[in-house]
Amino acid sequence: MKTYDIYFTDGSTTDNKGFSIKLEEKAIRMAQDMLAKGHTLVEEYAGGTISVVCSDGTTVWSQPIPKK
């Protein structure tokens, strides 16, 4: 079964939440929510990207994180 996690990167460093979300749509909504609400990792990776990555390694959604 595929699962999805949320990744943050700035080109040199990458962090992920460690989620095993079962639905792609739910993972994307959570990532969009984190981006909109300014989650701690969103602030830390400003200027980088937030992505939803499938357990098979495929990026299914990605958005740039605006600089503050």
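What's counted below: heavy atoms across the whole structure, side chains too, no hydrogens, waters or symmetry copies.
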Set of residues satisfying salt bridge (Lys or Arg N to Asp or Glu O under 4.0 Å) with respect to Lys67, sequence neighbours excluded = none

In a table with atom names and distances, give each donor-acceptor pair under 3.5 Å that connects a side chain of residues 10-32 to protein atoms at least two apart or in another chain.
residue: Asp10; atom: OD1; partner: Ser12; partner atom: N; Å: 3.0
residue: Asp10; atom: OD1; partner: Ser12; partner atom: OG; Å: 3.3
residue: Asp10; atom: OD1; partner: Thr13; partner atom: N; Å: 2.8
residue: Thr14; atom: OG1; partner: Thr9; partner atom: OG1; Å: 3.2
residue: Asp15; atom: OD2; partner: Tyr45; partner atom: OH; Å: 2.5
residue: Asn16; atom: ND2; partner: Asp5; partner atom: OD2; Å: 2.5

Remaining members of hydrophobic cluster (4.5 Å side-chain criterion), Val53 = Tyr7

What's in the same ILVMFWY side-chain cluster as Met1, cut-off under 4.5 Å, chained through other members?
-> none

List the steps, then state whether side-chain contact (heavy atoms from CB on, under 4.5 Å) holds for Thr49 with Phe8.
-> CA-CA 6 Å; Thr49 58; Phe8 299 84; over 6 Å; no

Of all residues at least two apart in sequence or in a different chain, which pass the salt bridge (Lys or Arg N to Asp or Glu O under 4.0 Å) check with Lys2?
-> Asp56

Scan for salt bridge (Lys or Arg N to Asp or Glu O under 4.0 Å) pairs involving residues 36-47, sequence neighbours excluded, and state none if there are none.
-> Asp33-Lys37

Would you call Pro66 and Leu35 a side-chain contact if the rule is heavy atoms closer than 4.5 Å?
-> yes

Quick one: does Met34's side chain get under 4.5 Å of Leu41's, heavy atoms only?
-> no

